[in-house]
Amino acid sequence: MEPLAAASSLPRAPRRCARFHGLCRSNVQEQTRRQVAVLNATAQELFSLYLKCQGEPFSSESDKLCNPAGIFFPAFRVNRTSERKEVMVAMYKLFAFLNASLGNITRDQEELNPMAKELLERLHNTTKTTRGLISNLTCLLCKNYNIFQVDVRYGDSSKGKSAFKKKQQGCQVLRKYVQVIGQAARVLLPHLSPS
Amino acid sequence: MFSRWSWVACGFYLVLNICSPDASSGLVQSCGHIIPESPVLALGSNFTALCILNESCLDFGNIYASQIIWKIKNKLVPKEQYREINRTVSSVTFNDTSSLGTPLTCNILADGQIEQNIYGITVTVGLAPEKPKNLSCIVHQVSRFTYVMTCTWNPGRHTFLDTQFKLRYSWPEEDFPDCIPKDVNNSCTITDIQFFVNTEIWVEATNALGKAESDRLVIDPVDIVKPLSPQNVSVSSGVLPTVLQLSWENWISNAVMALKFNIRYRIAGDTNWMEVPSEDTASPRTSFSVQGLRPYTEYIFSIRCMKEDGQGYWSDWSEEKAGITTEDLPSKGPPIWRIIDRSHSPASWTVHLIWKALKPFEANGVILQYEVTVRDKSSLSCPVRKYNVTSTNHTLQLPEGTYEVTLIARNSVGASPPSVLLIPASNSKAPVKNLRTLPKHDKLWVGWTAPNSYVLKYVIEWCLVSSSSDCIMEWQIAQGDVQGIDLKGIKPFKCYLITVYPLYADGQGSGQSVKAYLKQDRPSKGPTVQTKKVGKAEAVLTWNHLTVEEQNGFIRNYTILYKTIDGNETVVTVDPSKTEYTLSSLTSDTLYTVRMMASTDNGSSTGPDFTFTTQKFGKGEIEAIVVPVCLAFLLIVLLGVLFCFNKRDLIKKHIWPIVPDPSKSNIAQWSPQVPAKHNFNSKDQMYPEGSFTDVSVVEIEADDKKSFSEQDLKPFDLLKKEKSTSEGHSSGIGGSSCMSSPRQSVSDSDEGETTQNTSSTVQYSTVVLNGYRDQTPLQVFSRSESTQPLLDSEERSEDHSGGADSTAQRQQYFRQNGGQDETNTDRPCFERAKQITHADEGDLVGFVQLQISGQSSQPLGLGMEKNTQEAALSSVVQTCTEGQTVRPETVEENPLSVDEMPKSYLPQTVRQGGYMPQ
């Protein structure tokens, strides 16, 4: 078994591959691609809706307020020519981060915009999708590369921050998410297409 | 002493222990318990329970395991199932728990006979859950982003126990909360599902006897989705008249699920759906162009979708949306036919052209007008006539001939192909053969055999036959290559007249007709029968045919049913064309009940009962009896008359014996003079009209007319002259009433001839006074053969009448049926009495004597008692001599003058209107 990185408190990291027997089927690769495609298809709408629901100044000053330069976001330095295994690991790290961040954003929005049903619904669905994506990536890593543990890093917690900061942090994450998910979809396409 | 107290203490302790409701927690400890405590047992398994007695009870109660008895409810368990393990433990064994009940109790027989309960347990018998089978799941799309998954399974047999079912699902790295069914045990709905992850789903069933799991289902929920049907479906017409464009929205993005579609459509008003080929809509889309449609036709569309790869379920059909294609040219000309009316003039026709509006799929739009062109085929020089018509008929006045009629329908796009109808001068071509009909469900098939010549088309006319209205004709055109069509809109139980005409290229065949029913029923009523003529042994029955509305089918026959009151019914079947039938061999003078039944192929109906009675005698029988009887009677009468005629002398002798001639009496000498003396001027005064209603004259021939003296006949001649005066006056010879006088005792003038025949010798007379109207008749009989000289006054009267006419050959004796009552009788008397007062005393005396003499004969005629008679006589006399009170005494002083009349006759029999000789 090959540990990819030191794992520290990684609740979603694959620890044992034995559990995947029976569930890690051949369709997981396609399922993963479809999941990335769904996220890619819905990311922009999610971001736009998020901005709309935060009100001013986020609606008009999104470029400035939502600039993700100052936040942590997992590096996704893979391309279509990268090794498949490397791509899988990078994606695992990315979606593990996104899952946690979307969970935080959802929690903050439930507090800040409890009446924004559609936004909350989209946040829930996106979060659920990333959960499923992580499950599938875990399956693929275990099944194909026998990797059951990946070191991932999460973003800063928004707990205790001001509403504006919460909104801004969510805005920054989502904007970066929109950018990265498109790249991931493009990168993943040749690797996950049926061979 | 100790022993007694010991037993009392032990009993008290035992009761306390046994009666303790809760041995463990109560104040008093139980004497024993059962193992196991409240067991749950599998149905059909064996079971052993132990009842363990406490040692304390052994010491104080002297109870041992050998005293234990087991009970199920209140039923003792057979002791064969007991086993005494030791002195404190008894067991009971059940080989099959199905025989168990609850509670199961352990009891002892205290003191050998008192049963006391030690302990009881509740036994639950059931089954372990079976493995749930047939687990299946479906994901329903609830909204754009919301899906729920409902799984169903077969829970297996009933366990008789509280069994929990849980639907469980998990991912490799993550377990989810169980789904617990509510109110059911075979389905559960999960609201938190995620696509594109293989999810393991299974069902766990758990109860006290065990747990069972279904097979595990590993599915990606996206593969079992039943999506929402497409929304916002719209239909728009395209440029082409055969194309409609559909567009819609999907609830699921392509990123989540690629969809394929089914599109179905139908013509508005039609129930049959058509479907776009599935391969044309097997890819994700939000619009589709449906082609091959009919122009100017409204179509209804509906769409459904499912996952493109075919996994999952079809959505429901979307809501229906309608669209209309654009117009196109009419595809064919309207069917045309004609009705020719030759009634006005054979040489001039009234031609009613009729045509059917094109069906929508033929019209391809709104028909704006029809163009009718009529060409005279027999005269090429005649101009072609054209008419633009907006209705579906047109009437022309045409001279007899052959015409070609062309019809074109026109809509906004253009004109239809022409329809051509040839109207020949005569329908001289061959007709169809073997015309027949056959009902087919709700249609009536009409078939025929084609003529030998080539037929272009057939025209089928039909109409509903009605007794109350004209046959409203419908028609239809069939192509020449068919030999039968189905007529639609035919009503059951109605009679239709169907006619088929073959149309040739150069003429028309004559029509062949047939009557038909789509469906027959029994007649709605039966014929009403009645008799036309009833004889002694036969009756002619008549009835009217049922109307065609009442027949409901072809009348196959009529049935006459007739019977007497107590006889058997006789049945006669009659041809349906008949309306009359003669029943023969009937019994005379018998009441018959007859009714009539009309029958079709599908049943019969009976009309009302009609009763008649045959005659007692046949025709001519009465005449045969009456005529001979009458003839015989007449013959007898005739013979009787002849006999009487021959024997008239003999009869006369017996009936009218010779009566002595009163003319020889002295009284005849004064009678004629009385009228002159008393100066009766007119009969109106003396004898009011109607005083006498009947006067019978008895004629007595005198043997010798000349034997009567002239004087004897004078009074009668005088009376004849004054017949009007004496009319209706009652009198008897010698005066039988107070008003009687010889002169007045002459008959009515109407019998003047008889008067002339009156015998000169009057021997007998009868005066019968019939009652006037309803009054009691006064009959007076008087007979006299007296030759006694009349009173002087009478004689003097005769002297006064000496100049009277004496030409009468006969004397008349009167029988009067008078209606005078006492008043009538008295009145003339009174008047006359007053006249008498002007006469001399001698006359008066004579008159009084006459009255007495006359009255002497009345008692028998009136039928009175003597005293009554006397009173009446007295009254009469007194009335007649009113104001002369001496008159009654005069009567009383000369009673012998009446009795001493030697030869007077009294009638022996009095009969109204008749008399009897003495």
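None of the values given here were measured: they were computed from a predicted structure. All chains are named by letter (A, B, ...) in the order of the sequence lines, taking the proteins before the strands, and each is independently numbered beginning at 1.
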Going by heavy atoms in the side chains, are [X] and [Y] under 4.5 Å from each other?
X: A:Gln109; Y: A:Leu112; answer: yes
X: B:Tyr169; Y: B:Glu200; answer: no
X: B:Glu320; Y: B:Arg266; answer: yes

Contact origin within A:Asn27 toward chain B - heavy atom pairs under 4.5 Å: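 A:Asn27 touches chain B through side-chain heavy atoms alone.
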Report the option among B:Val197, B:Val256, B:Val222 that has the most heavy-atom pairs separated by less than 4.5 Å from atoms of chain A.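 Option with the top pair count is B:Val197.
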Between chain A and each of B:Ser253, B:Ala255, B:Ser143, count heavy-atom pairs under 4.5 Å; write down the option with the most.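 The option with the most such pairs is B:Ala255.
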Answer with side chain, backbone, both or neither: which region of B:Thr146 has an atom nearer than 4.5 Å to a non-hydrogen atom of chain A?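 Looking at B:Thr146, backbone and side chain both touch chain A.
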Using ring centroids (six-membered ring only for Trp), state whether B:Phe261 and B:Phe288 fall under 6.0 Å.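 Distance test on ring centres: not under 6.0 Å, no.
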